[in-house]
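Worksheet: one structure, shown below.
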Protein chains: 2
Amino acid sequence: MSLQHALLGVLEARPMNGYELTRFFEAAPRWVWSAPHSQIYPALRQMEQAGLIEGRQEIRGTKLRRMVYSITERGLGELRTWLSADHAAAPARDAFFLQALFFDMIDPDQAAAVLKTHIAEQEQLIAEWRAHREALLAKDTDLLKERLKSRPPAEHDRIAKLKAHVFAGQIAVAQARADWAREGLRLLAEST
Amino acid sequence: MSLQHALLGVLEARPMNGYELTRFFEAAPRWVWSAPHSQIYPALRQMEQAGLIEGRQEIRGTKLRRMVYSITERGLGELRTWLSADHAAAPARDAFFLQALFFDMIDPDQAAAVLKTHIAEQEQLIAEWRAHREALLAKDTDLLKERLKSRPPAEHDRIAKLKAHVFAGQIAVAQARADWAREGLRLLAEST
DNA sequence: TACACCATGTAAGTGGTTACATGATTGA
DNA sequence: TCAATCATGTAACCACTTACATGGTGTA
């Protein structure tokens, strides 16, 4: 159900069509949720049927049609309900920790190489999220600007800070993983 | 494919049947991978067909049959190959961060309640993982003891430390999330 | 006119969840 | 004899991945 709520959350900022949403969810700088267009288009139709969003057809040129979806009152309600409730945490399933759990079975140098790749990946993510966080704090992202239009100016700072804080969380987790992997490199080196 | 490698990793310690593996993967103190028995039994048959494991039937009493699986040479090879290779990171998909991203849409008190639940969950996980980590360092877990039997005593310390380090990683990530959530509580309070 | 981009779809397959289903053994 | 535990399965469903598929529009 998370994809639907992610879509509702984005559509709350402004109406969009499937293509725009796809660019958002397939974006290279990884956001908080990702999905391919093959999942997004059916989800949108399903959500329209459920009355959570409303599609309006537009024509570009003479034939190119697009469905622009806006969130409905019911959709807003559903989103707020979901946001306010506790949801069971997903069961532990971390492929990288699983891999690391059996590093004693392979050559330490190979294990170290895998850890180094992980560190590089985490640092890449940190850089992207840092940039996004800065942009949010400066209220300089497309979506946030749209979103703030329908909110009282007195709340703008608060909203930007709350959004930015989520990316601070992603950064903190990635930082913890990178630090942990570096400590792992020391452990592997010790015993050579 | 991760479930299969998780199963191989456990079976490397000692042969087990589906029921034992199920207890392991459905265990309350969450390990690094979880799976229900409905996934484990078919996976085991598939892996046997692929020659990664070997089943031997045992009879308890007069009728109760169980298949005890051991890892094969081919299984060991497959596991070592997987352990030595880089694997593409899973796309970002964190339901909790997604929820937090829209906390500006709901009552701050409700958002705070959700954050508090999250903190409690993370602390629960930390406690369980800390206990498991201590047990590993003391070489006092069932599986580790079995595993060490086939390894030279000079390596025992190193192996225990490497295993324990994985749980240190889980702890570090959970700690980062808990700290982040606490910071979120401060942010929510500020603007009341 | 060709290429990049806009725009939307389908389908097969895999991994995971939840529920249903059955029966044996052990020990209190 | 009853309950807890041992032991193994199936089936429906949902989320996600990967690949295939089609055609329109704007601009260099």
Side-chain angles (χ1 to χ4, degrees), chain A residues 1-8 15-28 30-50 53 55-69 82 87-95 98, chain B residues 1-8 15-28 30-50 53 55-69 82 87-95 98:
Chain A
M1 296 277 92
S2 292
L3 172 58
Q4 302 211 356
H5 294 105
L7 289 166
L8 287 174
M16 286 192 196
N17 63 346
Y19 188 75
E20 281 180 288
L21 287 163
T22 295
R23 274 189 317 186
F24 210 88
F25 282 84
E26 283 179 351
R30 305 202 241 152
W31 192 55
V32 292
W33 202 265
S34 92
H37 77 274
S38 63
Q39 224 187 332
I40 289 171
Y41 286 105
L44 288 170
R45 284 196 302 261
Q46 219 178 305
M47 288 161 76
E48 186 173 30
Q49 282 229 318
I53 57 176
R56 196 171 44 79
Q57 182 157 310
E58 286 184 3
I59 302 288
R60 306 224 317 174
T62 57
K63 284 183 189 162
L64 195 59
R65 77 189 167 82
R66 61 177 195 172
M67 277 297 244
V68 180
Y69 294 98
W82 182 78
H87 304 291
R93 208 169 280 126
D94 188 309
L98 177 65
Chain B
M1 295 277 91
S2 292
L3 172 59
Q4 301 209 359
H5 295 106
L7 289 166
L8 287 174
M16 286 192 197
N17 63 345
Y19 188 75
E20 280 180 288
L21 287 163
T22 295
R23 274 189 315 185
F24 210 88
F25 282 83
E26 283 179 350
R30 306 204 241 153
W31 194 55
V32 292
W33 202 265
S34 92
H37 77 275
S38 63
Q39 225 187 332
I40 289 171
Y41 287 105
L44 288 170
R45 284 194 303 259
Q46 218 178 304
M47 289 160 75
E48 185 173 30
Q49 282 229 319
I53 57 176
R56 196 170 46 78
Q57 182 158 311
E58 287 184 2
I59 301 289
R60 306 223 318 174
T62 57
K63 285 182 188 162
L64 195 60
R65 77 188 166 82
R66 62 176 193 172
M67 277 296 245
V68 179
Y69 294 99
W82 183 78
H87 303 291
R93 209 169 278 129
D94 189 308
L98 177 65

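Letters A, B, ... mirror the listed sequences (proteins, then strands); counts begin at 1.
- A close approach under 4.0 Å does occur between a side-chain nitrogen or oxygen of B:Y41 and OP1 or OP2 of D:dT8.
- Taking 4.0 angstrom as the limit, B:Y19 places a side-chain polar atom (N or O) nearer than this to OP1 or OP2 of D:dC6.
- B:Q39 has no side-chain polar atom (N or O) that falls below the 4.0 Å cut-off from OP1 or OP2 of C:dG15.
- Interatomic distance, NE2 of A:H5 versus CE of A:M47, reported as 8.0 Å (0.5 Å rounding).
- By the 30° and 60° cut-offs, the orientation of the rings of B:F24 relative to B:W31 is perpendicular.
- Position along DNA chain D of the nearest nucleotide to A:P36 versus A:T62 favours A:P36 as the more 5'-ward residue.
- Taking atom NE2 on B:H5 and atom P on C:dT14, their separation rounds to 15 Å, with Å as the unit.
- In the set D:dC16, D:dT17, C:dT10, the nucleotide with an atom closest to the side chain of A:H37 is C:dT10.
- The phosphate of D:dC6 (OP1 or OP2) has no side-chain N or O of B:N17 nearer than 4.0 angstrom.
- Note that OG of B:S2 is 11.5 Å distant from CG of B:L8, once rounded to the nearest 0.5 Å.
- In this structure, OH of A:Y69 is placed 10 Å from C1' of C:dT8, rounded to the nearest angstrom.
- As a whole-Å value, the separation of B:E26 CD from D:dT5 P is 14 Å.
- Contact annotation: B:R65 reaches the phosphate of D:dG9 (side-chain N/O to OP1 or OP2, under 4.0 Å).
- Closest to the side chain of A:M1, from the set D:dA15, C:dG15, D:dC16, is D:dA15.
- Checking A:I59 against A:Q46, the closest nucleotide of DNA chain D that is more toward the 5' end is the one next to A:Q46.
- In this structure, the CE atom of B:M67 is 8 Å from the P atom of D:dG9, given to the nearest Å.
- Both A:L64 and A:P42 lie near DNA chain C, and the one whose nearest nucleotide falls closer to the 5' end is A:L64.
- The separation between B:K63 atom NZ and C:dT22 atom C1' is 13 Å, rounded to whole Å.
- Summarising the geometry, the separation between CG on A:L21 and C1' on C:dC6 is reported as 14 Å, rounded to the nearest angstrom.
- A salt bridge does not link A:R60 to A:E58: none of the charged side-chain nitrogens sits closer than 4.0 Å to a carboxylate oxygen.
- A straight line from CD of B:E58 to C1' of C:dA24 spans 16 Å, rounded to a whole angstrom.
- Nearest nucleotide to the side chain of A:S38, out of D:dA7, D:dT10, D:dT17: D:dT17.
- C:dA7 atom P lies 14 Å from atom CD1 of A:I40, rounded to whole Å.
- To the nearest 0.5 Å, atoms NE2 (A:H87) and CH2 (A:W82) are separated by 5.5 Å.
- Put simply, B:R45 has a side-chain N or O that comes within less than 4.0 Å of OP1 or OP2 on D:dG9.
- Side-chain contact check for A:M67 versus A:L44: every heavy-atom pair is 4.5 Å or farther apart.
- Put simply, B:R60 has no side-chain N or O that comes within less than 4.0 Å of OP1 or OP2 on C:dT25.
- At C:dC6, one or more side-chain N or O atoms of A:R23 fall inside 4.0 Å of OP1 or OP2 (strictly under the cut-off).
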